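These notes concern the structure reproduced below.
Since this is a predicted model, take the numbers as computed values, not measurements.
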Amino acid sequence: MTEPAHRRLGMTDDEYAAVIAILEREPEPAELAMYSVMWSEHCSYKSSRAWLGRFPTEAPWVVVGPGENAGVVDLGDGWLAALRIESHNHPSFVEPYQGAATGVGGILRDIFTMGARPIAVWDPIRFGPLDEARNRYLLKGVVSGIAGYGNAVGVPTLGGEIEFADCYSRNPLVNVMALGLLQRDQLVLSAASGEGNVAVLLGAATGRDGIGGASILASASFDEESGAKRPSVQIGDPFEEKKLIEACLELYERGLVVGIQDLGAAGISCATSECAANGGMGMDVDLDAVHLREHDMTPGEILMSESQERMLAIVQPEDLDEVLALAEKWEVDASAIGTVTAGPALRVFHDGARVADLPAASLSDDAPMYRRPAARPDSLDEIWAAQPRLPAHVDVGDALRGLLDDPALGDRSWIYEQYDHQLFLNTVVEPGHDGSLLRIKGTQKGLAVSTDGDGPRCALDPRRGGARIVWEAALNVAVTGARPYAVVDNLNFGNPEKPEVMWQFRETVEGMSEACEALGVPVIGGNVSFYNETDGVDIHPTPVVGMLGFCDPMPASPARLDRAEAGMGIWLLGPEDLDDFAASAYARIVLGASGGRPAAPDADAGAAVVARTIELAGWCPVLHDVGAGGVAVAVAEICIRSGVGARIDVADWRELLNESPHRVLAVLPNRGDPSDRVPVRRIGTIGGAAIDFGDHGAIPLEEAAQIWRNALPRRLG
Amino acid sequence: MIFRVSITRKAGLSDPEGVETHRALHDLGYEDVGEVHFGRIITLEVAGDDAAAVTAQIGEMCERLLANPVIEDFAIEVVE
Amino acid sequence: MIFRVSITRKAGLSDPEGVETHRALHDLGYEDVGEVHFGRIITLEVAGDDAAAVTAQIGEMCERLLANPVIEDFAIEVVE
Amino acid sequence: MTVAVVVFPGTNCEHDVVHAMRLLGAEAELVWHRDTDLSGAAGVVLPGGFAHGDYLRTGAIARFSPVMDEVARLAGEGRPVLGICNGFQILCEAGLLPGALVANRDLRFICRPIHLRVESTASVLTAAATVGDVLRIPLNSYEGNYIAPAGALVELEEADRVMLRYSDGAGVVDAAANPNGSVNNIAGIADSRGNVAGLMPHPERAVEEILGSSDGRVLLASFVASVSAVTA
Ligand SMILES: Nc1ncnc2c1ncn2[C@@H]1O[C@H](COP(=O)(O)OP(=O)(O)O)[C@@H](O)[C@H]1O
Ligand SMILES: [Mg+2]
């Protein structure tokens, strides 16, 4: 029973027929390999493309929207910012250290491919519960992989996110986002123009790394069989990447590249065909010129190899010598492997023989596109009906003992203190607050960034959940004084061949789009990761949003969590929904209740709160958006970080633990009053040695701090 | 008894540290040096007299903690 | 020929990897484990046929580059 | 008066050091590790990062870079030479400072501000400070754990060449205040003449209040002053 080659490569019979129609003949082995990977879910977005068009992508400041390696926005005075997010979920499950490390390497290449210097990384990550040793091993491996690669390559990691849920036990999520900065005239695109120009392969030698990794690991479910499919693990080399970054940036500075493309999934075949297709040209590629790590590699292997730390630069023949000399200075290997032709053919030669000859554009443009059936889950109405049953009275002090001990709510410094988060001397608000804030030296400009996701809430209502993470991210940057400026999204979902999963996907895109429209922020890029399913069990629909905020000028002394002082007033901005407990931390962690329907965001109120928060950031010492754990946890975080207690007076305990959206805590000297246009009320005063909720209980500050600080260390050692 | 565990990266996986050290040795003029590969040694003192039994136990330690079976091979020798 | 260089921390100098691994092994219930020490293995392929001469040359590489004589000892074996 | 800031492949704090030097009024220029002439430099800084990826051993490969002979020559002439973090590791490997730096006690990378107590002012890095000063400066390293053979250690301590020790905010030097296991809480040392200095924490990351602290200024100002003394 020998399965036909195309099926073994994960290609359907119809897709195979399409290849034959394009070539008007049976494909050669190398050609089949190229189509199989380029038409995989991971590379072609065949199940998602039809719906991603819903995202709003336009704004006057958008320079490069979705489709390129990274989105680019205009910051004025010649400055541009590049942003991109990617997932490395399956590789990180196979080998957490290397999976996460190579994820960082890949996202950085997406950034400097645009001509930008990468200046920061974020790591939204998700695992199963930490009482399982395997999950502890995965978390430690992923965090040290991000630290090991990010610190050594010399790009600071300025934050991220972490969540825990059973559905991530066999399928952890490791997303990585990177931000780059460049001057307008340095912008480069991945297009090969100019017949006769030379394609130069820069960086690491090509070996048998992750052959078919992209297609097979990221495009098929992860079950016992995949042991067999498992590609050889890729080893990240941050040193090679660092040299590559410096070499490429100098190439751009000297104006030596016409176009450039990083090598990721499908390696040389993807990079050469995309460069050619984007430039409306063709290319002749000579595989004998490729510098190999292992000899005796087949043409297919060389074409498909996903060896890390490689770039393909298109240069003019007269510049070739200077390019090679510059590569040598940086101790980066370089070889001229191709020539741009009038096209449209991509022709690949090996040992003098032609091993592939196909229309370059067909690998991307002719990829299949599926409008897979979507169906609302039958169980939905029951789930929505099952609102968490709330007790009449709650001791909020006790509730905090449980909430602050949750590894996703407690102090995350165990993670981010393993990351260099200060390099480049730009970090004004470091990880440990809401959004992180960077300055742009030599200007008044500031960039604020936050990554946010919420698996449990999106599982209950993907549309509202998807919208709410966008609103939360907007507030996380607003508290630093920055206005929401651009969004990238990472859509982590289960098996798209299941109608329920497709429904979740479409609902999520709709919800995120509505929120972005209400905020007037364009989506400038994203990534889709399907087949996050293990043994038939899908993960929660888990969209993750990366929000870029921009301020000019930046507040002189931006709000922080640790600037509260005795006597200052505590104010709550924003609308209130006392019953929004579905998927709240209190319901999940204290009550163990999983059902209900989260409240819908309110576009007008939300936009008003964001606007007012940005104004307050100019003069409030402390601003903190209310997220998981509600007002109680937000107050506790401010008290613990500032080393002083607080007295809170509210009528109903639900005001302290509900998680209705669009709310911010402002702490300010008594004369101040933040009210203006948005609902605001004073709820208490900073001071004392306890976090005291009056009739609703209290907890000594020291005890709260202890519990909060130990939440991760006591589990991870 | 004292045991020595040698842990080396599986063949075919890249070894950036080996590559850079190879480059450095050549810069220092040692042109005869070919491939360079890195690994770790862990020496363990373990109470017990049945070498075979202890070796088996150390194999288990390697699988669980000392080595990373996905990308590394290991070998165990009795030193004394 | 292929040589194996074993590099270990000089006795008396702290070896955090060793200490931490000892702790981790005890956490996993391997109470019989005593001292644990970490070291590095470097496998070198060197052209030449006079094993003694090459070994001497590798000794020089260790003194200069591969080991740090201030804190490390090294040993060289011929593998093949 | 120019400070040469050496760049090895893998170095990443070079621009930060230049930025800080200029804030303190010094001229600073980047020098590639293959350069072999530093005669124009009044002083040298080896900045932090991961020279040669920290492969083999941190600092091990970098010490053979062509520029290092020049660095040794300037050090011999008594010019100010400063190694920060990876630069400190390189100076130790090169034998310009005693001892070595190995993995942190907890085998985790540490990036956070720590406190340092000034122990000696007999160096180009601490001349302008006062013994007992407590400075809050970021630490950022995996291999920041200082070790030295017993003999060398005694010599360091007796010759008053330990410039900085890890302490708590009140200046108490004890095990609890030791972030990475360094022997005797040593964070920075100098050579016998005090013109070659190395430390693990990053003073260049603490020169502006908006970034959290300016306690690094007194150290870099000492260095800049001794550099100007050379050229004056
Ligand atoms: N995986 C992580 N890596 C780095 N920093 C993290 C990670 N998870 C959380 N953090 C940091 O901890 C702080 C709190 O995170 P979080 O509670 O998710 O913020 P928010 O609720 O405001 O979105 C943030 O500064 C965030 O960047
Ligand atoms: Mg927040």
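Within residues 46-57 of chain D, the residues having any heavy atom under 4.5 Å from a heavy atom of chain A are, by residue number, Phe50(D), His52(D), Gly53(D), Tyr55(D). Within residues 163-170 of chain D, no residue has any heavy atom under 4.5 Å from a heavy atom of chain A.
The candidate with the highest count of non-hydrogen atom pairs below 4.5 Å against chain D, out of Glu417(A), Lys441(A), Arg439(A), is Glu417(A). For the set Gln418(A), Glu241(A), Glu240(A), the entry with the most heavy-atom pairs within less than 4.5 Å of chain D is Gln418(A). The candidate with the highest count of non-hydrogen atom pairs below 4.5 Å against chain A, out of Asn12(D), Ile110(D), Asp16(D), is Asp16(D). For the set Glu246(A), Lys329(A), Lys243(A), the entry with the most heavy-atom pairs within less than 4.5 Å of chain D is Lys329(A).
Taking a 6.0 Å sphere around CD of Glu250(A), one finds it holds more than 12 heavy atoms contributed by other residues, nucleotides or ligands.
Between Asn140(D) and His421(A), every side-chain heavy-atom pair lies at or beyond the 4.5 Å cut-off. Tyr419(A) is not listed as a side-chain neighbour of Cys111(D), based on a closest heavy-atom distance of 4.5 Å or more.
With a 4.5 Å cut-off on non-hydrogen atoms, Asn426(A) touches chain D through its backbone but not through its side chain. With a 4.5 angstrom heavy-atom cutoff, Thr11(D) touches chain A only via backbone atoms. In this structure, chain A has no heavy atom under 4.5 Å from any part of Glu209(D). Residue contact with chain A, scored on non-hydrogen atoms closer than 4.5 Å, involves the side chain of Arg112(D) exclusively. For chain D, the nearby part of Glu331(A) is the side chain; its heavy atoms alone come within less than 4.5 Å. The part of Thr427(A) that comes within reach of chain D is its backbone (N, CA, C, O), which places non-hydrogen atoms under 4.5 angstrom from that chain.
A distance of 7.0 Å separates SG of Cys13(D) from CG of Asp420(A), quoted to the nearest 0.5 Å.
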